[in-house]
Amino acid sequence: MMTSTMDALVWLGPRKMELRREPAPTPEPGEVLVAVEAVGICGSELSGYLGQNSLRKPPLIMGHEAAGRIAFDSDAALSDGSPARAGVRVTFNPLLTCGACDRCQAGKSNLCRNRQLISAHRPGAFATYVAVPARLCIPLPDHVSLTLGSLTEPLACSVRAVAHTGAPERLAILGAGPIGLLCLVAARAAGIEDILVSDVSDRRLAVARAWGATATINARHNVLNAVQAFAPGGADAVIDAVGLTITRDQAVRAVTPGGRVVFIGLHEEESMLPANYIVRQEITVTGSFTYSDADFARALALLAEGRVSLDGDWLEERPLAVGPAAFEELLAGATRAAKIVLRVA
């Protein structure tokens, strides 16, 4: 029997979020109700919480990095064609695409002209339940925990960003937050061996070294000098996993002439960049947004292989009810962990 109400974190405006009793979603045909158990806080949701993300309008239930269990039996089929049965452990792809526009037809569904994102255009997973198209729900291998499963979505973003770098010999990653660290995982898995990581947190840089970074630099020091020491003449490719004007500028100036810069960080809406320098050095600058189905599958495969460890203090689990405090602590840089995953059940 369907439940009528649920607990949900509702974002009400800049720096205002409350745990409330809300109506539980009613799945549309082809959708299932997922009982959420683990849901991560994404950097884009931090900017949304501040009212700085153009996709998110209050009141809204955010949360799109999630894993849980199918709540009720359904006639719909999951992504692998298996029946949607109560209790099946799943993560889900939160990007809804139309399949009919020119971008979808060209195999670029992440750029669908009619795309919608669960947690932006539709209610998300900071709640007891979330309604998701069954075809976007991916069963988790038995040995992949629900917390680990909730990392599939951010790792898929990172898999795509690394693919955009074009298999460089020397890669620099600006930012050792969750996306930067997961870009490191994806890069190592892709066979890239020489990787420099920058961040303002020595604690996060220690995680990066433990995960295979060749070199690290505290971003409070001279990042460009550190890149030159690591890769004389410039890195072959740079990923900006922060999204500030200063890191976007650093990325452009840190790459070798003819190199490639990938922007995945979404912190600031607009940035001034040295356009003439980009032209004269023939630097390729590309954005990286979400993922393809193949990126998502690759991310789950990497998790299943044990490429991401939950050991150490890089990730912290907290109850859903303390979500507002977690948002504030992340914004203040007051957490030991780079990643906070909220536990719903």
From CA spacing to verdict: side chain to side chain contact (heavy atoms under 4.5 Å, CB included), F263, L273: CA-CA 12 Å; F263 289 160; L273 292 175; 3.8 Å; yes
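When atom types are taken as modelled, the side chain of S145 and the backbone of L148 share a donor-acceptor pair closer than 3.5 angstrom. Put simply, the side chain of D313 never gets that close to the backbone of A337: no donor and acceptor are under 3.5 Å apart. Side chain of W11 to backbone of Y49: a donor-acceptor contact under 3.5 angstrom is found. Using modelled atom types, no side-chain atom of R113 and backbone atom of C104 make a donor-acceptor pair closer than 3.5 Å. Between the side chain of S79 and the backbone N or O of C137, at least one donor-acceptor pair lies under 3.5 Å. Side-chain atoms of T216 do not come within 3.5 Å of backbone N or O of V197 as any donor-acceptor pair. With hydrogens and angles ignored, the 3.5 Å screen pairs a side-chain donor or acceptor of R248 with a backbone N or O of G265.
Between R56 and S119 there is a side-chain heavy-atom pair separated by less than 4.5 Å. Side-chain contact check for P94 versus L117: some heavy-atom pair is nearer than 4.5 Å. Inter-residue side-chain proximity for L302 and V159 is flagged as met; some heavy-atom pair is nearer than 4.5 Å. With contacts defined as side-chain heavy-atom distances shorter than 4.5 Å, the pair W211/V308 qualifies. The side-chain heavy atoms of T128 and E22, taken from C-beta on, include no pair separated by under 4.5 Å. Counting heavy atoms from C-beta outward, R318 and L342 have side chains that approach closer than 4.5 Å. Taking 4.5 Å as the limit, some side-chain heavy atom of R15 sits within range of a side-chain heavy atom of E328. Two residues are said to be in side-chain contact when any heavy atoms from C-beta on lie closer than 4.5 Å; Y291 and N110 fail this criterion.
One distance of note links CG of L244 with CD of E268; it measures 5.0 Å at 0.5 Å rounding.
Identified under the salt bridge (Lys or Arg N to Asp or Glu O under 4.0 Å) test for residues 288-311, with sequence neighbours left out: R160-D295, E305-R307.
When all heavy atoms of I41 and K339 are compared, the pair lying nearest together is O-NZ, 3.0 Å. A pairwise comparison of heavy atoms in L140 and A67 identifies CD1-CB, 4.2 Å as the closest pair. Across all their heavy atoms, L9 and G323 have their closest contact at CD1-CA, 3.7 Å. The minimum heavy-atom distance between F92 and H64, with the atom names listed, is CE1-O, 4.1 Å. In this structure, I118 and G124 approach most closely via the heavy-atom pair CG2-CA, 3.7 Å. When every heavy atom of T245 is checked against every heavy atom of S271, the shortest pair comes out as OG1-OG, 2.9 Å.
When the shell of 6.0 Å around CZ of R85 is examined, it contains more than 12 heavy atoms from other residues, nucleotides or ligands. Annotation for L224: atom CG counts as buried by contact number, over 12 foreign heavy atoms lying within 6.0 Å.
Note: the hydrophobic cluster containing V144 also contains L310 (ILVMFWY, side chain heavy atoms under 4.5 Å, direct or indirect links). Hydrophobic clustering of Ile, Leu, Val, Met, Phe, Trp and Tyr side chains at less than 4.5 Å, counting indirect connections, unites L330 with M17.
Contacts of R122 classified as salt bridge (Lys or Arg N to Asp or Glu O under 4.0 Å), with partners at least two apart in sequence or in another chain: E31.
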Sequence neighbours left out, cut at 3.5 Å: what donor-acceptor pairs do the side chains of residues 163-191 make with other protein atoms?
from	atom 1	to	atom 2	distance (Å)
T165	OG1	V162	O	2.5
R170	NE	D236	OD2	3.4
R170	NH2	G234	O	3.0

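Between R336 and E316 there is no salt bridge, since no side-chain nitrogen of the basic residue lies less than 4.0 Å from a carboxylate oxygen of the acidic one.
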